[in-house]
There are 2 protein chains.
Amino acid sequence: MNSLTEENYLKAMFTLTNEKGEVNVNDLSKHLNIKMPTVTSMMKKLAAKELVDYQSYKPLRLTESGKKEAALIIRKHRLTEMFLVEKMGFGWESVHEIAEQVEHVRSPEFFDKMDEILGHPKIDPHGSPIPDKDGNIVWKEYLKLSECVPDTEVRLSAVMNSSEDFLRFLNSKELHLGLTIRIHSIEPFDQTMIVSYDNKMNEVLSSKVTERLLVEKLMLP
Amino acid sequence: MNSLTEENYLKAMFTLTNEKGEVNVNDLSKHLNIKMPTVTSMMKKLAAKELVDYQSYKPLRLTESGKKEAALIIRKHRLTEMFLVEKMGFGWESVHEIAEQVEHVRSPEFFDKMDEILGHPKIDPHGSPIPDKDGNIVWKEYLKLSECVPDTEVRLSAVMNSSEDFLRFLNSKELHLGLTIRIHSIEPFDQTMIVSYDNKMNEVLSSKVTERLLVEKLMLP
DNA sequence: AACATTTGTTAGATTAATCTAACTTTATAT
DNA sequence: ATATAAAGTTAGATTAATCTAACAAATGTT
Ligand SMILES: [Mn+2]
Ligand SMILES: [Mn+2]
Ligand SMILES: [Mn+2]
Ligand SMILES: [Mn+2]
């Protein structure tokens with residue numbers, strides 16, 4: 001059995017690998033707020049458990065078994081977030097911290113029950129995919145809103161960063177998942193975007209924001 | 001802030017004190033499955049935090065502040081058990097282990113939400129009182145079924161032991177909280193009781209069982 | 001009272017997870 | 001190519017939580 005600490009390392013490795021192709025000791029150190037020597041020694045420990053491939057000075061890699069462990073923790077995290085939002089009435093901005101703790105509960109039945117009550121959801125409240133019980137994830141191809149061109153319509157499908165501040169900002173702009181966004185123009189100087197959605201006409205979104213919103217192109221009729 | 005480990009000691013002290021009037025190092029050691037020297041050193045640590053009054057060779061005592069901390073953890077435990085049973089469909093026999101873990105989640109909002117969704121319940125699925133947000137508990141005066149006399153009726157109000165095995169046994173006998181039980185006779189040799197309830201006529205309950213069932217006398221009309 | 005048992009403490013070791021300081025390797029910039 | 005900076009490792013210390021062994025105090029039994 002892996003400790004809570006080990007679980008957090010595995011999860012961080014999984015996430016960082018998917019964000020930037022590979023993980024290094026330094027990335028993990030920054031992400032987890034833990035000094036590099038500590039990370040190195042944990043990597044050796046996880047290597048001994050065959051959850052990580054570790055070679056000095058080389059990028060870190062999860063083994064297949066490590067990937068699966070990580071995905072299953074992420075499954076618990078995301079099911080929890082979904083349960084908190086859908087069944088307990090929390091806002092999407094406040095569930096991450098709670099899920100960060102609940103994800104370590106050891107009780108398959110607990111998470112199976114959530115899954116069942118939620119009707120086996122495929123995505124979490126932030127649009128991220130929920131791994132299945134074997135740890136498999138279906139990755140959807142999304143675009144960043146910042147990569148889209150004027151005079152197109154897109155559907156807001158996921159957010160890239162689920163920090164409380166960012167999500168509160170989105171709330172204040174009434175930007176929520178599922179929304180159809182029409183792109184009017186992009187300021188060449190700073191990539192600020194003018195968009196419309198719902199009853200919001202000509203809203204201005206900075207690149208800080210458009211780079212964190214994941215969208216799908218809509219077929220125009 | 002107290003660690004998960006410290007929280008478990010506080011909770012155990014609170015429970016054992018209420019069960020047998022006082023707690024000793026030895027009781028805690030057995031209850032928590034931790035050797036006595038470890039308990040002694042933890043008591044010194046909790047004494048330094050003013051959660052415990054510790055004097056060598058004397059019975060252990062929680063300070064007021066220690067009692068409150070303990071009661072608040074028990075509040076989280078019991079709200080969790082109630083939520084699992086009432087809102088997630090678990091049986092009362094399977095919630096204790098999960099609650100044992102969830103009780104350590106640090107998020108007042110999480111437990112406030114449970115409390116609200118449950119409508120501010122006063123008792124948990126095993127009939128134990130749920131402390132309020134200030135850590136106050138309303139103790140009800142119950143009798144053990146074993147203390148009752150023939151030809152009376154009682155209401156089953158709580159169980160004294162919530163081990164999975166015992167609760168499964170009660171399930172198999174269709175003994176659940178709220179039930180009205182009529183006592184027919186008691187075998188003088190071994191205190192075995194003959195009782196009726198629901199559509200069960202003349203069920204035999206051993207003293208092992210009747211000592212673990214808490215009841216209220218019913219006024220006969 | 002004397003002896004035995006149970007309970008509790010002290011001392012010292014162990015393991016997990018962390019740190020700092022010093023050193024080494026790899027990458028980057030002139 | 002050399003120097004500088006960044007990334008990574010090693011060694012050794014620290015803290016929390018646990019243990020065993022040895023000893024001491026309190027309790028119980030003849
Ligand atoms: Mn999250
Ligand atoms: Mn976590
Ligand atoms: Mn319980
Ligand atoms: Mn616990």
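Residue numbering restarts at 1 for every chain, and letters A, B, ... go by the order of the sequence lines. Values in this document were obtained by computation on a predicted structure and should not be read as measured data. Just so you know, these numbers use all the heavy atoms, side chains as well, and skip hydrogens, waters and symmetry mates.
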In whole angstrom, give the distance that lies between atom CE of Met1(B) and atom C1' of dT15(D). 19 Å
Going by the salt bridge (Lys or Arg N to Asp or Glu O under 4.0 Å) test, which pairs reach into residues 79-88 of chain A, not counting sequence neighbours? none
Looking at residues 30-41 of chain A, who's got a heavy atom less than 4.0 Å off DNA chain D? Met36(A), Pro37(A), Thr40(A)
Asp27(B) CG to dG8(C) P: how many Å, rounded? 7 Å
Under 4.0 Å between a side-chain N or O of Tyr57(B) and OP1 or OP2 of dT10(C)? no
What is the separation between atom CE on Met43(A) and atom P on dT9(D), rounded to the nearest whole Å? 10 Å
Would you kindly give the CG-to-P distance between Asn8(B) and dT18(D), to the nearest whole Å? 9 Å
According to salt bridge (Lys or Arg N to Asp or Glu O under 4.0 Å), does anything in residues 116-126 of chain A pair up with another residue at least two apart or in another chain? List the pairs. Arg78(A)-Asp124(A)
For atom CG of Leu28(B) and atom P of dG8(C), their distance in whole Å: 10 Å
What does Lys58(B) touch in the nucleic acid at a heavy-atom separation under 4.0 angstrom: a base, only the sugar-phosphate, or nothing? nothing
Sequence neighbours left out, what passes side-chain hydrogen bond (donor to acceptor under 3.5 Å, both in side chains) with Glu64(A)? Give chain and number order. Lys67(A)
Rounded off to whole Å, could you give me the OH-to-C1' distance for the Tyr54(B) and dG8(C) pair? 7 Å
Are side-chain N/O atoms of Asn2(A) and Lys49(A) paired as donor and acceptor at under 3.5 Å? yes
note: Met42(A), atom CE; dG8(D), atom P; distance rounded to Å ~ 17 Å
Sort and list the pairs that fulfil side chain to side chain donor-acceptor pair (under 3.5 Å) and have at least one residue in residues 137-147 of chain B, not counting sequence neighbours. none
Could you tell me which residues satisfy ring pair (Phe, Tyr, Trp, His ring centres under 6.0 Å) with His96(B), sequence neighbours excluded, listed by chain and number? His77(B)
